[in-house]
Amino acid sequence: MTTNSTTNAGAWIRGRRPLPSRGFTLVELMVALSIGLLVTIGILTLLGAMRRTSTTQTGLSTLQENERIAMSLITDMVQTAGYYPNPVTNSPTTLFTAVSPYAAGQFISGLDATSDTLYVRYATNGTDYVIDCMGNTYSAGAQFTLASTLSVVNGYLQCTLNNGTTATTVQLVSGISSMQIWYGVQSKPGSTNNSVDAYVTAANVTDWTKVLTVKVTLNFVNPLAGQPGQPTLSTIGFTRVITLMNKTGVNS
């Protein structure tokens, strides 16, 4: 009794009585939950925007890299067309015999379709470090002719290499929906300066030995298609004009 009386008296002396314990009111809880919800929504929105930005940048980087690789491979292949070693003892007609889809002396051909096909061939003796579409060189002692076929199948740019004995197909670049090819020719009668004045499809090439350049368009799948605020185009086209080896310029 003495202790309790002393404690109560001390509380009165200090001028206040002990406050009863209490929790949060309903209004306080609702305000706290609303603030927490707003903060959570803001964080989720920021994370979504960052994820979309990362996806966009990754898609564009992949697209640019695939475009660069594909065009480099096609350029190397086209510029190799018609090559043969030792022109003193060899000639196109002796090395490039008639075999489908080529006539004698012909080293480039094509096929029109929804996605076009390109055919080229060239010769090597194993000591000239000629590289095929698969990145390989040949060390064979005997001279032989290589034939490469470029096409787009199931979204892949692929090359089929025929070394005279076997045919091997390899997928080169993905994300391509189609390929269109036009062939630069000199169409004006009597012109002999090797200047392109028309581009035609494979079906309209009348003399394949007169093809001077190849115009290639690759249609890549648009990685941004369907994303908010982005173009709705399903494909993006890349075009390059490639000169055949020693085929353009004024005759001398």
Side-chain angles (χ1 to χ4, degrees), residues 72-112 116-151 158-170 172 179 181-216 241-252:
S72 295
L73 291 170
I74 295 174
T75 299
D76 290 343
M77 180 173 165
V78 170
Q79 291 181 339
T80 306
Y83 168 81
Y84 58 92
N86 198 353
V88 175
T89 58
N90 297 316
S91 68
T93 54
T94 58
L95 291 176
F96 305 129
T97 58
V99 56
S100 180
Y102 310 96
Q106 180 183 344
F107 48 79
I108 187 168
S109 185
L111 177 65
D112 296 334
D116 297 343
T117 301
L118 176 67
Y119 306 94
V120 303
R121 59 179 177 171
Y122 50 94
T124 178
N125 59 9
T127 61
D128 44 17
Y129 302 102
V130 174
I131 299 177
D132 62 30
C133 61
M134 301 179 188
N136 299 322
T137 58
Y138 289 81
S139 58
Q143 180 170 281
F144 61 96
T145 300
L146 299 172
S148 298
T149 303
L150 269 182
S151 58
Q158 69 178 29
C159 174
T160 300
L161 179 69
N162 191 325
N163 61 11
T165 304
T166 59
T168 305
T169 299
V170 62
L172 302 175
M179 175 174 61
I181 303 175
W182 295 266
Y183 302 88
V185 296
Q186 190 169 64
S187 62
K188 295 180 180 179
S191 297
T192 58
N193 60 357
N194 281 356
S195 296
V196 174
D197 56 34
Y199 279 93
V200 298
T201 61
N204 293 313
V205 177
T206 56
D207 186 352
W208 285 97
T209 63
K210 302 300 183 181
V211 173
L212 304 174
T213 62
V214 175
K215 182 179 180 181
V216 180
V241 176
I242 307 167
T243 302
L244 269 68
M245 182 178 57
N246 297 329
K247 276 290 185 176
T248 60
V250 178
N251 289 333
S252 58

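In this text the structure is predicted, and so the values were computed from the model without any measurement.
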Any non-hydrogen side-chain atom of [X] less than 4.5 Å from a side-chain atom of [Y]?
X      : Y      : result
Tyr122 : Asp132 : yes
Val78  : Leu244 : yes
Thr149 : Thr117 : yes
Leu150 : Leu172 : yes

When rounded to the nearest 0.5 angstrom, what distance separates [atom1] in [X] from [atom2] in [Y]?
X      : Y      : atom1 : atom2 : value
Leu73  : Ser148 : CG    : OG    : 11.0 Å
Ile242 : Thr75  : CD1   : OG1   : 3.5 Å
Asp116 : Trp182 : CG    : CH2   : 7.5 Å
Asp197 : Leu212 : CG    : CG    : 9.0 Å
Leu118 : Ile74  : CG    : CD1   : 8.0 Å
Ser151 : Met179 : OG    : CE    : 6.5 Å

Write down the atom of [X], the atom of [Y], and the distance for their closest heavy-atom approach.
X      : Y      : result
Asn90  : Pro85  : ND2-O, 2.7 Å
Gln106 : Phe96  : O-CB, 3.9 Å
Lys215 : Val241 : CG-CG2, 3.9 Å
Thr213 : Val211 : O-CG1, 3.5 Å

In a check of side-chain contact (heavy atoms from CB on, under 4.5 Å) between Tyr84 and each of Val130, Asn125, Thr94, Leu95, which one passes?
Leu95
Only one of Leu111, Thr160, Ile108 forms a side-chain contact (heavy atoms from CB on, under 4.5 Å) with Tyr119, so which one is it?
Leu111
Ring-ring centroid check Trp208 Tyr183, cutoff 6.0 Å:
yes
Do any N or O atoms from the side chain of Gln186 and from the backbone of Ser195 form a donor-acceptor pair under 3.5 angstrom?
yes
Is a side-chain N or O of Tyr199 found less than 3.5 angstrom from the main chain of Ile181, in a donor-acceptor match?
no
Partners of Asp128 by side chain to side chain donor-acceptor pair (under 3.5 Å), sequence neighbours excluded?
Tyr83, Thr124
